[in-house]
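So the structure is just underneath, and the comments pick up after that.
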Amino acid sequence: MVEISLARTLASRSESELVDLHDRWVGGAPPLRRAELVQILKERMAEPVTVSNLCAGLYGALAPVFRVLISKAGNGMGLEAVSAAAIKEGVAERSVRHALADLVSTGLVAQVGVGKNGATRNLWGIPLEMREVLPEAGAPEAVTSSPLSLRGWLDSFFRKRMPGASSADAIRKMYRMLATDQAILQRVQNMEEGMQELVTKLAVEWGGILPVCDFAEISGSYKLNVVAKELEKLSLGTVQDLNLESSGIRQNGRVMTLFHEVVLALLRARANDSDPAPESIASIGVDFVSNFSRFASFVEGDTVRFTVRGTIYKSTGKRIAEELLPNPGREFRRFEILELEYRFALGCHFIDRTGERSFRLTPSGQEFLSMSLLEKQRLMLDWLIEDRELPGDLAHQLRLRRTTLRYIKRLTPGVWHDAMFLPFVVRNHHLAAITSQEELPSDNSSFPVRSSADLQSLSWNLLVWIRKYLYLLGIIDMAYDSTGRAVAIRLTRVGAELLDMIPGREIEGSGHVVVNPDFEVVLFPDSRSHELIYQLDRFCDREFTDSLYHYRITPASLHRGLSEGMTLDEMVTLLSARSRTPLPQNVSYSLESWARKDGLIEIDRTFRLRCELTEVLDRISLHPGLRKLGCERVDDQIIQLGTEPDFEQLLSWVRDYGASLKRV
């Protein structure tokens, strides 16, 4: 059995996930230091009262799945075992994975990956520290009292007619019967054709929540009371008063609502029934991550200068932007991507001002450049979640963005969904949490008197973040109609790996290359080539892309790769392994010659360091770690070490001085 602890699981979570957990378990402003944040969460997540309150808020499929995990608290369970037990509790098999994802986001359940024989297996379990403080009767299947959900409406309906303990069992049985996608779609199909069109329009265009004053836009010949009566009769929705002003949302009046579960089922069915026929598709892949390397190379070359206000000169910016990868898609112009890379670098302290209106890479920036593709994407995603430049009330948008990442895990990679699918579903989830009695604020005086967002702007502002930032990281692709309007999104395989939906071994770099004597490298990609594209981007210049990727190796591009921490051996090995023919001799020779001129240090079996650039050895010889090994300067180009060094440690020392290392 694999033991699961809070220390292990919290250490593996990203910064954005830890902040989300702090918001849920502790509240207030989280500490800036990660170690302090983890320690606070460890203490709070082991408190009996706090754990009990979180357990009481579980609803729908979450409660029975949580009860299954309680039986093995402290240990991990595989998906098959959880599904088999949850089905006996009345949970649909397809809902188990979704419930596990939601439970992980609450912090009550942790997910760990266990490697064996080169394969990764995901396990889920309740952390060991929580086992002793769980409610004795297990997690009650508490209902959410939100009037925007089917569960909350059933709760209100039955408790008025069946007061007492017997109502809880009736609510649970009715909810299980009415809340499945199949049952919802069947009830919609039982409506007359005109009413079906009205319900579909209410879900697709308004996300299931329509102020009564706007009802005429979709009503046709139907009266409001007739539609409301039909919706309640079929347990699909209702007309009710909704006041959200105390939560900072500009809504106070009667609304027609489709229940959250109904909207989710209808929008999901549209994705399954038909694929859109877009006029064009935008897919950016790993270009934003690769562009940071190009931006960093300009910083290293001292060619990035800024004004007294701290912004990049337009002339400098345009020159640098022209050197970025030429596929920014429809959402960004090249200069906008440069500005975003610049803000990201400043915000994460990867670059610093020198006092001469220029920048330098910090040690943190150098460390970031040597990270893997997945690590870079996760850091960028954490920063983009917290970005405050896009429109919208951040009090709501930050929570909406984090919830979006939970819901996007429910999508199947490669399947198109309406562009408003995620914005509407996530907004409804957020409103259901606000309007449930479990999460109503105890002191409404802290909320602004003037509300800053209405129901539609919550969704539209979230769509802007999705179509810009999730697209920018390659998590989603965008589809456009003939007028240039975004009509659909789909989860990519890159996004599925980044969000831990599929293990990296399933999409490790694939495809093959052809290396020509004129230093051109042509990549023949397939659907799993993003890692290979990223690696080639590190030490090659991408010239253009059509159905193939066309690169060229130059002394400058080789220097960029060496500066990022790649070794010459790694570059040659990558090209050799992916090429179906031997590398041209002139290419192999030239790469080594360029590397030597760039400060390549060679170490032989007698522990001699050799470099053609005297100034590089002058700097290296000053390193205290190298001095401890005992070093003797033989001549201008050779240093003799007294003892055998650890190669990886020596490599890190060499990188600190901007050089590269090779065994000979």
Side-chain angles (χ1 to χ4, degrees), residues 94-95 97-98 101-102 105 148-150 179-182 184-185 188 196-197 199-210 218 236-237 257-279 281-283 330-331 392 396-397 399-433 455-481 485-493 495-496 499 501:
R94 63 174 295 179
S95 300
R97 182 182 287 275
H98 300 162
D102 286 344
S105 68
L148 301 178
S149 70
L150 175 60
T180 65
D181 284 9
Q182 183 178 1
I184 291 171
L185 296 177
V188 173
Q196 287 186 41
E197 294 178 0
V199 169
T200 301
K201 189 175 293 186
L202 178 57
V204 173
E205 297 181 7
W206 293 85
I209 305 178
L210 173 69
I218 67 169
L236 296 172
T257 59
L258 293 178
F259 299 130
H260 176 47
E261 297 88 341
V262 175
V263 174
L264 182 59
L266 290 174
L267 295 180
R268 193 154 47 197
R270 282 174 59 85
N272 296 332
D273 290 344
S274 61
D275 278 345
E279 182 73 17
I281 296 174
S283 179
R330 292 196 177 198
E331 302 300 327
H396 297 288
Q397 287 300 317
R399 297 191 71 176
L400 288 169
R401 293 171 186 177
R402 296 182 186 125
T403 305
T404 298
L405 297 182
R406 301 208 303 265
Y407 269 93
I408 204 171
K409 291 183 179 182
R410 302 186 179 191
L411 306 186
T412 302
V415 176
W416 288 106
H417 291 76
D418 285 343
M420 293 302 296
F421 173 82
L422 283 173
F424 280 149
V425 170
V426 171
R427 179 203 64 181
N428 292 353
H429 176 99
H430 181 61
L431 296 180
L455 296 176
Q456 287 296 86
S457 67
L458 284 176
S459 302
W460 286 107
N461 290 333
L462 180 60
L463 176 63
V464 172
W465 181 79
I466 291 173
R467 64 184 290 181
K468 283 186 173 290
Y469 289 172
L470 294 190
Y471 162 77
L472 195 63
L473 279 181
I475 296 175
I476 63 168
D477 290 338
M478 299 295 303
Y480 303 89
D481 62 15
R485 183 174 63 92
V487 293
I489 63 171
R490 68 181 174 191
L491 176 65
T492 65
R493 296 179 66 88
L499 298 173
M501 295 173 60

How would you list, by chain and number, every residue that makes a ring-ring contact (aromatic ring centres under 6.0 Å, His included) with His430, sequence neighbours excluded?
-> His396

Residue set satisfying ring-ring contact (aromatic ring centres under 6.0 Å, His included) with Phe259, at least two apart, ordered chain then number -> Trp153

Which atom names give the shortest non-hydrogen contact between Ile408 and Leu491, and what distance separates them?
-> O-CD2, 3.8 Å

Can you say whether the rings of Trp465 and Tyr469 are parallel (under 30°), tilted (30 to 60°) or perpendicular (over 60°)?
-> perpendicular

Which residues pass the side chain to side chain contact (heavy atoms under 4.5 Å, CB included) test with [X], sequence neighbours left out?
| X | answer |
| --- | --- |
| Gln196 | Val188, Met191 |
| Thr257 | Leu148, Ile209, Thr238, Gln240, Val255 |
| Arg467 | Glu331, Leu463, Met478, Tyr480, Ala486 |
| Val263 | Leu258, Leu267, Asn428 |

Start with the C-alpha gap between Phe424 and Val204, add the side-chain angles, then the distance that decides, and say whether side-chain contact (heavy atoms from CB on, under 4.5 Å) holds.
-> CA-CA 9 Å; Phe424 280 149; Val204 173; over 6 Å; no

Results of side chain to side chain donor-acceptor pair (under 3.5 Å) for [X] - residues two or more places apart only:
| X | answer |
| --- | --- |
| Thr403 | none |
| Arg268 | Asp181 |
| Asn461 | none |
| Gln456 | Arg427 |

Do Tyr407 and Leu422 come within less than 4.5 Å of each other through their side chains, counting heavy atoms only?
-> yes

Heavy atoms, side chains only, cut-off 4.5 Å: are Leu150 and Val262 in contact?
-> no

Decide side-chain contact (heavy atoms from CB on, under 4.5 Å) for Leu411 and Ile476; before the verdict, give the C-alpha distance in whole Å, the side-chain angles of both, and the deciding distance to 0.1 Å.
-> CA-CA 11 Å; Leu411 306 186; Ile476 63 168; over 6 Å; no

Between Asp477 and Thr492, do the side chains contain an N or O donor and an N or O acceptor separated by less than 3.5 Å?
-> no

